[in-house]
Every structure is written in structure tokens, then in C-alpha cells.
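Computed from a predicted model, the values in this text were never measured in an experiment.
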Amino acid sequence: MNAASYAFAMLFYLAVLVMAAGLATRILTYWRTPAPLKIPTTPAPVTSAGVGFRMAREILLFESLFKSNLWIWGLGWVFHVALALVLARHLRYFTEPIWPWVTLLQPFGIYAGFAMVAGVLGLWARRIFVERIRYISTISDHLMLVLLVGIASSGLGMRFIAHTDVIGVKLFFLGLMRADLHPLPGDGLLYVHLALVAGLMIIFPFSKLLHAPGIFFSPTRNQADDPRERRHIAPWAEQLELRR
Amino acid sequence: MAVELKAPALREYPVVPALQSDAMKDVVSYVANEKIQEAIGFPGKLDEGWQERAISKMGDLLGKYRSLRVFMDACVHCGACTDKCHYFIGTQDPKNMPVARQDLMRSVYRRYFTTAGKLFPRLVGARDLTRGVLDDWFRYYHQCSECRRCSVFCPYGIDTAEITMAGREILDAVGYGQKYSNEIIGKVHRIGNNLGLPGPALRDTLLGLEEDVKDETGVDVRYPLDEKGADVLLVTPSADFFAEPHVDSLIGYGKVFHAAGISWTLSSYSSEAGNFGMFIGNYEQLRKIAMRIREAALELGVKRIVVGECGHAWRVAYSFWNTLVGIGAGGKDPFAIELQRQLDPRHKQPTHICELTWDLIERGALRFDKDANDHRTITFHDSCNVARGSRMGDAPGGQFEIPRNIIRAVANKFVEMSPEVTRERTFCCGGGGGLLTDELLDLRIKGALPRMESLKQVVDNHGVNFMATICAICKAQFTKVLPYYGFKMSMVGGVHQLVSTAIRLGDSH
């Protein structure tokens with residue numbers, strides 16, 4: 001066991017803790033904050049099953065974005081689907097035996113890495129070259145893209161250029177999960193990859209990555225259009241009635 | 001105005017315009033004076049310590065409104081909304097892009113309410129709430145008509161209207177309110193309607209209408225006021241009582257009730273459907289104004305509440321009344337039960353006048369001479385609050401179909417504008433959301449640009465000469481801005497104006 005192995009072990013424990021606790025706090029805040037008025041963007045579904053379907057379309061297909069702009073939709077959707085495939089593929093490093101569906105996804109997951117980079121670079125190009133989007137971009141918007149490109153390209157580098165010791169990596173992470181530390185292979189590209197991933201996990205609950213839990217709580221999307229049939233009232237608004 | 005205002009040129013191909021920073025910096029709404037502010041319970045003017053009060057109000061709203069809380073965090077600056085706002089398209093001012101308008105507040109939110117913004121303000125675009133920032137809030141939160149078009153296109157459903165409302169709420173809380181909206185809210189409480197028309201004047205106006213209709217049709221159509229025991233209470237925007245073309249729709253409602261044999265009444269206590277409490281984002285005002293309608297309904301003992309042609313009023317009535325004052329079904333609390341005991345559960349409460357008319361048409365209770373509208377080639381402008389903040393009928397999208405069905409039932413020539421700019425994608429008239437005031441005329445003219453372009457298409461290609469709409473603000477705004485684009489102001493009118501022209505009176509009973 002070398003110092004780097006210990007350092008990365010601690011880093012990942014910290015990253016998981018920050019991400020889990022941060023997200024839990026954030027989600028709890030969203031959960032507890034009432035939506036006092038019915039504000040679905042209409043036309044909206046009138047039943048909760050309909051709302052489920054609308055949310056599914058929004059989350060899986062990015063329906064609203066599709067209506068808005070085909071470029072952003074195409075690049076964004078490709079990026080997110082590729083990211084999902086890549087993440088699924090990475091489950092192999094955390095499971096033994098590897099789940100059969102993860103094995104099945106392997107070949108797609110590997111090439112999805114390229115799609116991910118292509119999607120991010122496309123979005124980045126828009127951020128730089130489209131005047132309107134350049135105007136609204138902050139430094140952190142660019143840094144987020146740096147982070148994603150860094151993670152994806154270091155990962156692809158280990159798969160296609162300088163192979164890393166994947167068996168060693170897997171032992172390290174399986175060990176982490178059982179609090180039984182194993183050495184991490186000494187590989188520069190791997191260090192870069194893991195450090196950036198841990199960084200992404202740590203900033204997740206403090207950044208615009210909160211769009212992921214946020215969409216589930218968006219009242220314009222997750223409310224049913226039934227205000228005449230059901231009385232909807234927030235606890236703080238109910239207090240006003242006592243004062244009448 | 002000293003400078004002569006001009007409409008921007010219509011674009012042949014609607015490309016996204018280039019940015020012009022600060023293009024609308026000098027178009028600022030009037031600030032409410034102390035008297036106006038204090039009359040509705042807000043601090044009179046911006047005093048020492050406003051900054052802490054603003055931040056504390058923001059914290060209060062973040063805890064009360066999930067929309068604001070989630071919307072502040074969720075935006076990824078993807079740019080999907082950047083070209084969707086009519087005010088951006090018409091003015092090219094980048095701060096009129098929905099996301100930039102949101103960021104005026106988001107930057108402050110990040111500074112005071114997020115770890116990242118407290119530690120690394122420059123990195124995440126966080127800013128202190130300075131007087132300059134507050135002035136920008138006042139400026140640009142009064143260049144948003146709360147039309148929700150951006151929310152249709154946002155992948156997270158972020159609705160800039162919610163943020164504008166929060167911005168105005170904070171401004172009011174620190175004594176920096178808008179004259180136009182707050183003065184009107186004061187009038188509703190004092191006199192009963194937005195235009196400050198007192199009861200006796202209203203009675204005279206209605207008697208005058210009865211005479212006019214008698215002269216024109218030979219039939220005794222009634223326009224009753226404060227009649228206890230009537231079945232229907234009609235609440236309609238007060239502009240319907242005397243503004244052109246609004247009054248023609250009021251005449252139409254009366255004819256529909258007459259022809260169907262429905263007893264109805266207006267209320268002098270509650271002679272206003274509009275609710276500017278929504279525009280300023282203030283729940284208490286929203287509720288107090290809605291309460292007047294509930295009180296009038298209880299006082300007059302009506303069985304049904306019907307709302308006239310008014311966009312934001314219908315959003316408030318349809319989406320909020322049940323929540324605010326229990327007008328609707330399903331409430332199990334004493335507050336709501338009291339009203340439900342009186343209102344007839346077989347009807348939707350509240351009912352839009354178009355729902356009522358279309359239902360009568362479907363049941364064969366009304367008859368029309370469609371040819372009477374033959375001098376008109378009609379198109380329909382969907383009003384934003386009806387389109388994206390409410391519904392009519394039983395199915396989603398009824399708010400689009402029912403008014404169109406009525407038009408087709410009463411007229412022969414109906415033409416749609418481009419599907420890119422109708423229904424849920426409709427463009428605001430340019431004057432909604434508390435901006436229908438003269439000092440913002442430049443903004444209103446420019447904001448109408450996208451609608452004027454689509455209107456031009458159907459005028460040129462199909463000879464359209466009448467744009468029907470079901471919103472008092474749309475009617476007033478178009479009447480004012482159509483001439484700037486070379487159209488006649490009489491081109492705009494209500495759906496019930498068309499009904500009024502074609503309906504047969506007297507012989508159906």
C-alpha cells in the first residue's frame with residue numbers, strides 16, 4: 001500500500017459522503033418546501049398517471065428541450081444517454097460477479113465514451129460561438145465542461161491508449177466498499193481520472209448538477225391539472241384562513 | 001412622450017436577433033409613491049436597511065415557494081429559452097432573455113444562499129445585492145409579462161414568471177413597488193374594480209347597454225346588477241364595462257344568457273375579474289382580491305360563478321380560486337364546504353364564459369346567423385395565461401379548442417396563424433403581466449413584434465381582418481399597438497363580440 005492508495009481511498013470516502021449528504025439535504029429541502037399554488041405549464045395531464053408519463057418523457061426524452069432547439073436537444077440527449085451507458089458499464093468495477101446486463105452493455109458502454117465527448121464538445125462549441133449562450137455563461141459553466149471532457153478523455157485514454165490494470169482498480173474499489181483497502185495501480189492517467197470523478201461528486205450538491213434532482217420537483221411539470229376538482233393548499237396558506 | 005415611438009421592422013424570416021446590451025435600460029416603469037404603497041400594506045419607500053430586508057424576504061420566499069427554490073438551483077444555462085421571449089425578440093436587450101432575467105436574481109441567490117457563491121462568487125456568477133442590481137430588478141422584472149412561454153421550452157420547466165413574481169414581491173417588501181399595478185390593487189379594494197368605476201356609474205352604464213341592445217335588436221336583453229337569487233354571478237374584467245372593443249363582448253355575454261334563459265347578475269361589490277395580486281406575486285393580495293368574489297357569491301346566493309373574457313383572471317380563477325378561497329370542488333375544510341353547499345356541483349366552478357357558451361351550442365340551445373359575420377375573416381390569438389396557465393372543458397387543450405369551436409359555430413371564415421406561434425407556443429400580446437401602462441409603450445410596441453409578424457402572414461395570405469381574443473389586456477394592448485404596425489385598431493375584438501353579431505335572440509324560447 002502506497003500513500004497514493006490511501007489518499008485516493010480517503011478522497012473517495014469523502015466524495016461519497018459529501019455527495020450523499022449534500023444531495024440528501026438538498027432533496028429534503030425541495031421536498032419540504034411547499035408549492036402553494038397549482039402552476040403546471042398547460043396543457044398538462046389531468047391525472048397522476050398522466051403526470052408520471054409526462055415526467056418520464058421529460059426525463060428520458062427531454063421533451064421540452066426537443067420543442068425548443070434541436071441542436072441543444074441532440075447534443076444534450078446524446079451526452080446524457082452516453083453518460084448513462086458509461087456509468088452502467090462502470091458497474092463492473094463495483095460488482096462481483098458482474099451482473100449479466102452490465103456485461104451485455106459493455107461494448108456499447110465503451111463506444112458511448114466517444115459519444116459523450118462529442119456531445120460535450122458540441123455543447124461547449126455552442127457556449128463559445130452562439131452569442132446568446134456566451135452571454136449567459138459563467139466561468140463555472142466552462143469549468144464543468146472541462147471536468148466532463150477531462151473525465152471522459154482520461155477514461156478513453158486508459159481503454160484505448162495506455163491500458164491501466166483494471167483488475168487492480170476493481171480490487172481497490174471492491175476493497176473500498178468493504179473497508180478492506182487494496183493498493184491502487186500506480187498510473188498517472190488513472191489518478192487524473194479518479195481525482196476528477198471525485199471532484200465532480202463533491203461539487204454535485206453545490207452546483208448546477210442539481211438539475212438532476214431538481215427536475216423531479218419542478219411544479220410546472222410534476223403537478224396534475226386538476227385545480228377545480230381538488231383543493232390544493234399549502235400549510236402556510238391554510239394559516240391565513242384562520243385569520244379571516 | 002417626447003421621442004416618437006416606432007415599431008421595429010417586421011422580419012421576413014424570423015431569425016434570432018443579435019444582442020444589443022442595455023437596449024432597454026431607459027424604459028423603466030414608474031415607481032409607486034408612498035400613498036399607493038402604504039394603501040396596500042407595503043413600506044412607502046426604499047429606506048435604510050433595505051438590503052437586509054430584501055435578502056430576508058428572499059429567504060422567506062425560498063421557504064414558501066418550491067418553484068423558486070428549485071428554479072434557482074436547476075438552471076444549467078443551456079440556452080433553450082434564450083430566443084423564446086417576445087420582449088427579447090422585439091428589443092434585443094440580452095437581459096430580456098428568460099435565463100438572463102432569472103440570473104438577475106440567481107446571482108444574488110448564489111451570493112447569499114449557496115456555499116459556492118459565498119466562497120467563490122466570481123466563479124459561479126454571484127453578486128452582492130447593490131442598489132444597481134436592485135434597479136436592474138425593478139427595470140427588467142417590469143419588462144416581463146409573466147406569459148410562461150419560456151417555461152414551455154425549459155428542460156426543467158423553469159418558469160420565469162415565478163421569478164419575476166418573486167422579484168416584484170421582494171421589491172414591494174422594500175418599498176420599491178410599481179405604480180401601475182399597486183395603484184390598481186388599491187382601487188379594487190377601495191372601489192371594487194381595477195378601473196375605479198363606482199357602483200352608480202356601473203348601473204348607468206349597464207342601463208345604457210340595455211337601451212343600445214334594444215335599439216339594435218328590438219329585444220329586451222338585460223344587464224342586471226346586484227340581483228339576489230340569480231343563478232349565475234358573472235365576474236368580468238372591468239374594461240368590459242366601457243372600453244372598446246371589450247364592451248361588445250359584454251353585450252355578447254348578455255345575449256347568450258338571454259337566449260339560453262339563464263338568470264344572471266353582475267356584482268357592484270365585486271365588479272372585477274382581474275387580479276393584479278398575481279402580477280405582483282403577492283399571495284395575500286391575490287387572496288384578498290379573490291375573496292371579494294367569494295363574498296359577492298355568498299351575498300347574492302348564486303349557484304354558479306362564470307368568468308368573462310380575461311386571460312390572467314381566468315388563470316387565477318381556474319388555477320387558484322379553489323386554493324385561495326374554496327371556489328371549486330374537493331375541499332374538505334369548513335372554509336370550502338361553506339361555499340360548496342351553495343354552488344351547484346353539476347357545474348364546473350368556476351366556469352369560463354366560453355365553456356358556458358360552447359356547452360349551450362353543443363346542446364343546441366343557441367342559434368346563429370353565421371352569415372352575419374361574413375364581413376370578417378377571423379383569426380384567433382391565444383392569450384398566454386389561458387393557454388399556458390389554465391384549461392377549459394374536460395381534456396387538456398380545451399382552452400385552445402373551445403374558443404375556436406365557438407368561432408367556427410358563429411362565423412364562416414376562420415384562419416389559423418402559424419402553429420409555431422399559437423396554442424401553447426402563443427406569443428404574448430406584449431402588454432400583459434402589469435405592463436399595460438403608457439410609460440412602457442416602447443416596450444409594448446416592441447414586445448408585440450412576433451405576434452404582428454404572424455398576423456401579417458395571415459392578413460397577406462388569407463385576407464384576415466379580425467383577430468379574436470379572450471383577454472381584456474390583449475384587447476387593450478392590440479388596440480394601442482396595431483396602428484404602429486400599420487394595422488387598424490378595430491381589427492381586434494372578443495370571441496363573444498362575434499357571438500353577439502351572429503346570435504339569434506327571442507325566437508328560441
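At a 4.5 Å heavy-atom cutoff, the contact between Val16(B) and chain A is made by side-chain atoms alone. For a residue to count as touching a neighbouring chain, one of its non-hydrogen atoms must lie under 4.5 Å from one of that chain's; by this rule Leu286(B) touches chain A with the side chain only. Residue Thr351(B) touches chain A through its backbone alone, counting heavy-atom pairs closer than 4.5 Å. The parts of Arg122(B) that come within reach of chain A are both its backbone and its side chain, each placing non-hydrogen atoms under 4.5 angstrom from that chain. Contact annotation for Pro40(A): only backbone heavy atoms (N, CA, C, O) come within less than 4.5 Å of a heavy atom of chain B. Using a 4.5 Å cut-off between heavy atoms, Pro334(B) does not touch chain A at all. Residue contact with chain B, scored on non-hydrogen atoms closer than 4.5 Å, is absent for Leu209(A). Contact annotation for Arg126(A): neither backbone nor side-chain heavy atoms come within less than 4.5 Å of a heavy atom of chain B. Proximity to chain A involves both the backbone and the side chain of Cys78(B), based on heavy atoms less than 4.5 angstrom apart. Proximity to chain A is limited to the side chain of Asp333(B), based on heavy atoms less than 4.5 angstrom apart. If you measure heavy-atom distances from Ala387(B) to chain A, the contacts under 4.5 Å come from the backbone alone.
The minimum heavy-atom distance linking Ile72(A) with Ala80(B) is given by the pair CD1-N, 3.8 Å. In terms of heavy-atom proximity, Glu131(A) sits nearest to Leu19(B) at OE1-N, 3.1 Å. Between Ser64(A) and Cys154(B), the closest heavy-atom pair is CB-O, 3.3 Å. Asn222(A) approaches Arg66(B) most closely through the heavy-atom pair ND2-NH1, 4.5 Å.
Put simply, of Ala336(B), Ser21(B), Gly157(B), Gly330(B), the one with the most heavy-atom pairs under 4.5 Å next to chain A is Gly157(B). Between chain A and the options Ala100(B), Gly117(B), Pro350(B), the largest number of non-hydrogen pairs under 4.5 Å is found for Pro350(B). Of the listed residues Lys208(A), Glu229(A), Arg132(A), Arg221(A), the one with more heavy-atom pairs under 4.5 angstrom with chain B than any other is Arg132(A). Of the listed residues Trp321(B), Phe88(B), Tyr318(B), the one with more heavy-atom pairs under 4.5 angstrom with chain A than any other is Tyr318(B). Ranked by heavy-atom pairs under 4.5 Å with chain A, the first of Ala329(B), Ala74(B), Ser67(B), Pro155(B) is Ala329(B). Among Asp159(B), Asp83(B), Leu62(B), the residue making the largest number of heavy-atom pairs under 4.5 Å with chain A is Asp83(B). Across Ala116(B), Ala395(B), Gly326(B), the residue that shares the most heavy-atom pairs under 4.5 angstrom with chain A is Gly326(B). Among Glu58(A), Arg127(A), His211(A), the residue making the largest number of heavy-atom pairs under 4.5 Å with chain B is His211(A). Looking only at heavy-atom pairs under 4.5 Å with chain B, the residue among Arg230(A), Met144(A), His142(A), Arg32(A) that has the most is Arg230(A). Listed options Ser140(A), Ala237(A), Ser207(A), Ala234(A) were ranked by heavy-atom pairs under 4.5 angstrom with chain B; first place goes to Ser140(A). Per-residue heavy-atom pair counts under 4.5 Å with chain B were compared for Leu65(A), Thr41(A), Leu210(A), and the maximum is reached by Thr41(A). No other option in Ile59(A), Asp141(A), Ile233(A), Asp226(A) has as many heavy-atom pairs under 4.5 Å with chain B as Asp141(A).
Dense packing is recorded around OH of Tyr112(B), with more than 12 heavy atoms of other residues, nucleotides or ligands lying under 6.0 Å away. Other residues, nucleotides and ligands contribute at most 12 non-hydrogen atoms within 6.0 Å of the OH atom of Tyr111(A). Residue-environment remark: CZ (Phe53(A)) stays at or below the threshold of 12 foreign heavy atoms within 6.0 Å. The environment of CH2 in Trp31(A) is sparse: at most 12 heavy-atom neighbours from other residues, nucleotides or ligands sit within 6.0 Å.
Within the 3.5 Å criterion, the main-chain N or O of Ser68(A) finds a donor-acceptor partner in the side chain of Lys84(B). Put simply, the side chain of Thr42(A) gets close to the backbone of Arg388(B): a donor and an acceptor are under 3.5 Å apart. The main-chain N or O of Gly328(B) is never found under 3.5 Å from a side-chain atom of Arg228(A) such that the two would form a donor-acceptor pair. Arg69(B) contributes no side-chain N or O that, together with a main-chain N or O of Thr33(A), makes up a donor-acceptor pair within less than 3.5 Å.
Here the CZ-CD1 distance, from Arg231(A) to Ile337(B), works out to 10.0 Å after rounding to the nearest 0.5 Å. Taken to the nearest 0.5 Å, the OG1 atom of Thr115(B) stands 12.5 Å off from the CD1 atom of Ile203(A). A distance of 7.0 Å separates CZ of Phe62(A) from OH of Tyr156(B), quoted to the nearest 0.5 Å. For the atom pair CZ of Phe217(A) and CG of Asp73(B), the computed distance is 12.0 Å after rounding to the nearest 0.5 Å. Taken from CG in Asn69(A) to SG in Cys81(B), the straight-line distance is 11.0 Å, to the nearest 0.5 Å. Distance check: Ser390(B) OG to Asp225(A) CG gives 8.0 Å after rounding to the nearest 0.5 Å.
Put simply, the side chain of Tyr283(B) reaches to within 4.5 Å of the side chain of Leu240(A), judged on heavy atoms. Residues Met97(B) and Ile133(A) fail the side-chain proximity criterion, which asks for heavy atoms closer than 4.5 Å. The side-chain heavy atoms of Thr138(A) and Val124(B), taken from C-beta on, include no pair separated by under 4.5 Å. Contact of the Val130(A) side chain with the Thr82(B) side chain is not registered, since no non-hydrogen atoms from C-beta on lie closer than 4.5 Å. Within the 4.5 Å cutoff, no side-chain heavy atoms of Phe320(B) are placed close to those of Pro227(A). Side-chain atoms of Ser218(A) and Phe71(B), non-hydrogen and from C-beta on, do get closer than 4.5 Å to each other.
For the residue pair Tyr135(A) / Asp103(B), no side-chain donor-acceptor distance below 3.5 Å is found, with atom types taken as modelled. Defined by atom type and a distance below 3.5 Å, a donor-acceptor pair is missing between the side-chain atoms of Thr220(A) and Ser151(B).
Look at Arg294(B) and Glu241(A) and you find no salt bridge, because none of the NZ, NE, NH1 or NH2 atoms lies under 4.0 Å from a carboxylate O.
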